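Since we're looking at a predicted model, the values are computed, not measured.
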Amino acid sequence: MKIEFAPINIPFKRRIQTFAVLQWIFTFLFLGQCCLAVFVLLIFAGYWYIAAVYIVWLYLDWETPNQGGRRSQWVRNWTIWNYFRDYFPIHLTKTTPLDPKYNYLFGFHPHGVLVAGAFANFCSESTNFQKLFPGLTPYLCVLPFWFKIPFYREYIMCGGLVSSVKSSASHILNRKEGGNVAVIVIGGAEESLDARPGALILRIMNRKGFIKLAIKCGAHLVPVFSFGENELFNQVNNPKGSTLRTIQERLQKFMGFALPLFHARGVFQYNFGLLPYRKPIYTWESQLLCNRTTLLQTKRLKCCIVNILRQ
């Protein structure tokens with residue numbers, strides 16, 4: 001196979017965009033391991049007292065990811081997220097105004113491989129979420145596993161990430177003052193195993209807990225669809241019933257998260273690597289699916305998703 005190298009005279013702005021995405025990939029795939037290694041190194045390098053102080057802090061702060069987290073507007077407004085947005089680019093479109101007097105549950109589709117659209121739109125201000133939806137504060141729900149990693153948990157909470165456990169979403173949606181948005185990627189890790197260019201498989205038929213949660217908390221349910229999310233990475237062929245898929249599904253049940261074998265392009269060449277392709281992502285917030293007085297049925301959810309795909 002002939003390797004297609006990136007030209008030398010690429011504009012500096014595009015190189016910064018590539019770096020922004022590269023650091024995001026590193027954060028997503030490797031920073032947690034690095035933080036854990038630093039924590040262990042502190043213990044064995046004679047700085048055990050620092051690790052001991054942090055363990056006490058961890059004990060006292062353990063429930064914070066389940067109680068709204070600890071976001072930082074400074075981190076969310078970093079300029080690097082604008083370069084991250086422009087790499088693809090990523091666009092957020094509002095189709096209906098949302099009253100900040102109420103709380104909302106955003107059902108995000110599809111998961112894709114690394115949910116780049118959800119990160120840009122709800123963990124940073126690069127797509128102007130708070131300008132499009134004044135008075136609303138988004139919280140992206142992710143696997144609780146990530147909040148067990150020392151130091152790493154502090155960083156990801158800065159972006160507005162919280163645990164995806166039921167009590168965490170309930171805490172956000174039950175706030176009396178309103179203006180809070182819990183963003184749940186409905187398909188979850190299982191859906192990532194089917195994410196590849198040209199494919200769109202949504203795992204929603206057996207995932208009704210978020211609907212019950214919205215009704216119980218009196219929150220408005222809003223479907224959100226991110227077009228282009230599955231176009232960012234190729235994935236090793238893993239049809240249902242194959243040996244690879246069976247191993248992936250068993251690992252998912254054991255660890256709680258999936259391990260898709262994905263690849264796309266590299267930093268200096270376009271044939272192979274972990275960087276996503278430069279494909280546009282269009283995230284649409286659709287019309288309200290239910291409110292405090294409407295009992296949502298699964299059929300209505302399916303119809304709404306079909307309507308979004310037809311737009």
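Annotation: side chain of I186 is in contact with side chain of H109 (closest heavy-atom distance under 4.5 Å). Between P150 and L36 there is a side-chain heavy-atom pair separated by less than 4.5 Å. Contact of the V40 side chain with the F44 side chain is registered, since non-hydrogen atoms from C-beta on lie closer than 4.5 Å. In this structure, P65 and L161 have side chains that are not in contact, with every pair of non-hydrogen atoms separated by 4.5 Å or more. Side-chain contact check for I172 versus N103: every heavy-atom pair is 4.5 Å or farther apart. A heavy-atom distance below 4.5 Å is found between the side chains of W146 and I156. Between P239 and R245, every side-chain heavy-atom pair lies at or beyond the 4.5 Å cut-off. F106 places a side-chain heavy atom less than 4.5 Å from the side chain of F122.
When all heavy atoms of V224 and T283 are compared, the pair lying nearest together is CG1-CG2, 3.5 Å. Residues L98 and E285 approach most closely at CD2-OE2, 3.9 Å, considering heavy atoms. Of all non-hydrogen atoms in I184 and F210, the two that sit nearest each other are CD1-CB, 4.3 Å. Looking at every heavy atom in both residues, P276 comes nearest to A264 through CA-CB, 4.0 Å. Nearest approach of L275 to G266, heavy atoms of both residues: CD1-O, 3.7 Å. Between L58 and R153, the shortest heavy-atom distance links the atoms CD1-CD, 3.3 Å.
If you take CZ on R196 and CG on N237, they are separated by 6.0 Å, rounding to the nearest 0.5 Å. Put simply, SG on C35 and OH on Y155 are 10.0 Å apart, with the number rounded to the nearest 0.5 Å. Distance check: F19 CZ to L22 CG gives 7.0 Å after rounding to the nearest 0.5 Å. With rounding to the nearest 0.5 angstrom, the SG atom of C123 is 4.5 Å from the CG atom of L140. Rounding to the nearest 0.5 angstrom, the gap separating the OG1 atom in T127 from the CD1 atom in I90 is 7.5 Å. Separation of atoms OG (S170) and CZ (R175) is listed at 12.0 Å; rounding is to 0.5 Å.
A side-chain donor-acceptor contact under 3.5 Å links E229 to the backbone of G117. A donor-acceptor pair under 3.5 Å is formed between the side chain of Q235 and the backbone N or O of A195. Without hydrogens or angle criteria, T18 side chain to R14 main chain gives a donor-acceptor distance under 3.5 Å. Judged purely by atom type and a 3.5 angstrom limit, Q23 uses its side chain to pair as donor or acceptor with the backbone of A20. N180 contributes no side-chain N or O that, together with a main-chain N or O of T137, makes up a donor-acceptor pair within less than 3.5 Å. Listed for the N238 side chain is a donor-acceptor partner under 3.5 Å among the backbone atoms of L193. For Q130 (side chain) and E125 (main-chain N/O), no donor-acceptor pair under 3.5 Å exists by modelled atom type. Side-chain atoms of Y152 come within 3.5 Å of backbone atoms of T27 as a donor-acceptor pair (strictly under, hydrogens ignored). Side chain of E191 to backbone of H111: a donor-acceptor contact under 3.5 angstrom is found. Under a 3.5 Å cut-off, the side chain of R71 and the backbone N or O of P138 do form a donor-acceptor pair.
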I would like to know whether L132 and L92 meet side-chain contact (heavy atoms from CB on, under 4.5 Å); could you show each step before the answer?
CA-CA 9 Å; L132 288 171; L92 177 62; 3.8 Å; yes
Apply the test side-chain contact (heavy atoms from CB on, under 4.5 Å) to residues T64 and M157: give CA-CA distance (whole Å), side-chain angles for both, the deciding distance (0.1 Å), then the verdict.
CA-CA 9 Å; T64 298; M157 277 196 290; 3.9 Å; yes
Could you walk me through whether F108 and V185 pass side-chain contact (heavy atoms from CB on, under 4.5 Å), step by step?
CA-CA 5 Å; F108 184 90; V185 184; 4.1 Å; yes
Using the ring pair (Phe, Tyr, Trp, His ring centres under 6.0 Å) rule, take F147 and F145 through it: C-alpha gap first, then chi angles, then the decisive distance, then the call.
CA-CA 6 Å; F147 299 99; F145 166 82; over 10 Å; no
Any chance you could lay out the side-chain contact (heavy atoms from CB on, under 4.5 Å) test for Y104 and L136, step after step, and finish with the verdict?
CA-CA 9 Å; Y104 299 88; L136 298 186; 3.9 Å; yes
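Linking Ile, Leu, Val, Met, Phe, Trp and Tyr whenever their side-chain heavy atoms come within less than 4.5 Å leaves L213 and Y139 in two separate clusters. Cluster annotation: L29 is not connected to V236 through the hydrophobic network of ILVMFWY side chains, with a link wherever side-chain heavy atoms come within less than 4.5 Å. F39 and V56 fall into different hydrophobic clusters, where Ile, Leu, Val, Met, Phe, Trp and Tyr are joined by side-chain heavy atoms under 4.5 Å apart, directly or via other members. A chain of hydrophobic side-chain contacts below 4.5 Å, direct or via other Ile, Leu, Val, Met, Phe, Trp or Tyr residues, connects L259 to L143. Follow the hydrophobic side-chain contacts under 4.5 Å out from V113 and you reach L251 in the same cluster.
Using a cut-off of 4.0 Å between Lys/Arg side-chain N and Asp/Glu carboxylate O, D194 and R203 are scored as salt-bridged. The pair K240-E249 counts as a salt bridge, with a side-chain nitrogen and a carboxylate oxygen less than 4.0 angstrom apart. The pair R70-E154 counts as a salt bridge, with a side-chain nitrogen and a carboxylate oxygen less than 4.0 angstrom apart.
In F88, the CZ atom is crowded: over 12 heavy atoms of neighbouring residues, nucleotides or ligands sit closer than 6.0 Å. The environment of K148 atom NZ is dense: over 12 non-hydrogen atoms of other residues, nucleotides or ligands sit within 6.0 angstrom. Atom OH of Y59 is surrounded by 12 or fewer heavy atoms from other residues, nucleotides or ligands within 6.0 Å.
For W24 and F84, the gap between ring centers is short of 6.0 Å. Between F262 and F233, the ring center distance clears the sub-6.0 Å criterion. Proximity of the aromatic rings of F28 and F26 is defined here by a centroid distance below 6.0 angstrom, and this criterion is not met.
Between the side chains of N66 and S167, no donor-acceptor pair of N or O atoms lies under 3.5 Å. A donor atom on one side chain and an acceptor atom on the other are not found under 3.5 Å apart for Q17 and R85. Checked by atom type, the side-chain pair N234/R265 shows no donor-acceptor distance below 3.5 Å. T79 and N82 share no donor-acceptor pair across their side chains, judged by distance under 3.5 Å alone. S168 and S163 are not linked by any side-chain donor-acceptor pair at a separation below 3.5 angstrom, with hydrogens and angles left out of the test.
With a 6.0 Å cutoff to the six-membered ring centre and a 45° limit on the axis angle, K94 counts as a cation-pi contact of F133.
Under the 30°/60° scheme for interplanar angles, the aromatic rings of Y54 and F151 are found to be tilted. Ring planes of W81 and W78: parallel class, angle under 30° (limits at 30 and 60°).
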